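Notes to accompany the following structure.
Source: prediction; values computed, not measured.
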Amino acid sequence: MAAGTFKIYAKAKKYIGAGTITLGAGVFKMCLHRVSASAAILVLSTRSTWASIPGEISATGGYVAAGRNIGPATGKWTVGTSAKQYKFTYTTAGLIFTANGGNLTNIKYAVIRNSTGAGAGKVLCFVTLSTAAFTVTSGNTLTITPNSSGVFTLA
């Protein structure tokens with residue numbers, strides 16, 4: 001299955017510029033969301049907080065509510081294709097969600113957020129994982145690996 005590209009929320013750009021979100025510091029988490037979240041997730045211009053994004057998948061089958069820390073937990077900045085570019089990325093091994101003791105159902109999106117507490121923080125970006133909802137059956141995994149050019153680039 002081929003995922004789309006990460007799309008950054010407009011308010012996240014503002015928060016990065018103002019220092020409210022510091023990439024490379026703090027805790028960043030990736031969360032999985034259902035098709036029913038489409039109306040909220042796809043609105044890049046106004047979404048800002050974790051609370052404004054509904055439709056996280058159920059905390060069953062080994063999935064933990066509010067998502068998993070990306071590795072390194074802070075994410076990281078690296079030089080892009082030129083000295084004037086920096087890219088935000090996380091581990092090149094990707095983030096692995098394992099269905100254990102149950103299925104992870106109705107998945108369509110992954111959201112990265114800056115976590116300031118349980119279920120709190122600012123949303124950074126999202127990716128559409130598939131054109132339709134899918135299930136990861138018990139004993140199988142879903143690996144979300146950032147593109148070699150990073151999650152997103154600032155130039």
Side-chain angles (χ1 to χ4, degrees), residues 1-59 63-97 104 106-134 136 141-155:
M1 145 184 18
T5 57
F6 276 92
K7 295 170 184 62
I8 188 167
Y9 289 98
K11 289 199 175 182
K13 295 174 189 177
K14 175 184 171 186
Y15 294 140
I16 292 167
T20 305
I21 294 176
T22 304
L23 299 171
V27 176
F28 288 85
K29 293 187 175 239
M30 183 180 292
C31 315
L32 302 177
H33 290 263
R34 300 184 292 266
V35 172
S36 63
S38 295
I41 283 180
L42 299 175
V43 181
L44 291 172
S45 61
T46 59
R47 297 296 174 206
S48 64
T49 64
W50 171 243
S52 71
I53 306 290
E56 185 178 14
I57 68 167
S58 300
Y63 181 79
V64 178
R68 297 199 44 217
N69 286 12
I70 62 173
T74 59
K76 62 183 179 179
W77 279 111
T78 59
V79 175
T81 56
S82 76
K84 295 180 182 180
Q85 293 183 351
Y86 280 86
K87 61 183 180 179
F88 177 71
T89 194
Y90 58 95
T91 177
T92 56
L95 189 60
I96 301 170
F97 293 91
L104 307 180
N106 201 17
I107 302 165
K108 185 167 181 181
Y109 304 102
V111 174
I112 295 178
R113 69 183 176 95
N114 174 238
S115 177
T116 57
K122 306 285 188 201
V123 291
L124 184 61
C125 56
F126 83 94
V127 64
T128 302
L129 298 173
S130 177
T131 56
F134 62 92
V136 179
T141 61
L142 168 64
T143 303
I144 303 172
T145 306
N147 187 297
S148 62
S149 63
V151 174
F152 60 85
T153 300
L154 295 179

- State, with a plain yes or no, whether a side-chain heavy atom of Phe134 is found less than 4.5 Å away from one of Leu142. yes
- Task: Report the distance from atom CZ of Phe28 to atom CD1 of Ile112, rounding to the nearest 0.5 Å.
- Result: 9.0 Å
- Closest heavy-atom pair and its distance - Tyr90, Leu95: CE1-N, 3.9 Å
- Item | Pairwise side-chain hydrogen bond (donor to acceptor under 3.5 Å, both in side chains) hits with a residue in residues 38-52, at least two apart | Ser38-Tyr109
- Message: Minimum heavy-atom separation for Ala133 and Val35, please, with both atom names.
- Response: CB-CG2, 3.4 Å
- Phe97 and Leu104: CA distance, side-chain angles, deciding distance, side chain to side chain contact (heavy atoms under 4.5 Å, CB included) verdict: CA-CA 9 Å; Phe97 293 91; Leu104 307 180; 4.1 Å; yes
- Just by distance, do the side chain of Arg34 and the backbone of Ile107 share a donor-acceptor pair under 3.5 Å? no
- Over all heavy atoms of both residues, which pair between Cys125 and Val151 is shortest? Give the atoms and the distance, please. SG-CG1, 3.7 Å
- Closest contact, heavy atoms only, Leu124 versus Ile8: O-CG1, 3.3 Å
- Are more than 12 heavy atoms from other residues, nucleotides or ligands located less than 6.0 Å from atom NZ of Lys7? yes
- Message: To the closest 0.5 Å, what do you measure between OG1 (Thr143) and CD1 (Ile96)?
- Response: 4.0 Å
- Hey, does the side chain of His33 reach the backbone of Lys108 with a donor-acceptor pair shorter than 3.5 angstrom? no
- Query: From Ser36 OG over to Ile41 CD1, what is the distance, rounded to the nearest 0.5 angstrom?
  - Reply: 8.5 Å
- Task: Nearest 0.5 Å please: distance from the CD1 atom of Ile70 over to the CD1 atom of Ile144.
- Result: 11.0 Å
- Message: Restricting to non-hydrogen atoms, name the atom on Cys31 and the atom on Glu56 that form the minimum distance, rounded to 0.1 Å.
- Response: CB-OE2, 4.0 Å
- Query: From Lys29 NZ over to Asn69 CG, what is the distance, rounded to the nearest 0.5 angstrom?
  - Reply: 4.5 Å
- What is the minimum heavy-atom distance between Leu32 and Tyr63, and which atoms define it? N-OH, 3.0 Å
- Task: Drop me the distance from Thr22's OG1 to Tyr15's OH, to the nearest 0.5 angstrom.
- Result: 13.5 Å
- Task: Classify the ring geometry between Tyr9 and Phe126 as parallel (under 30°), tilted (30 to 60°) or perpendicular (over 60°).
- Result: tilted
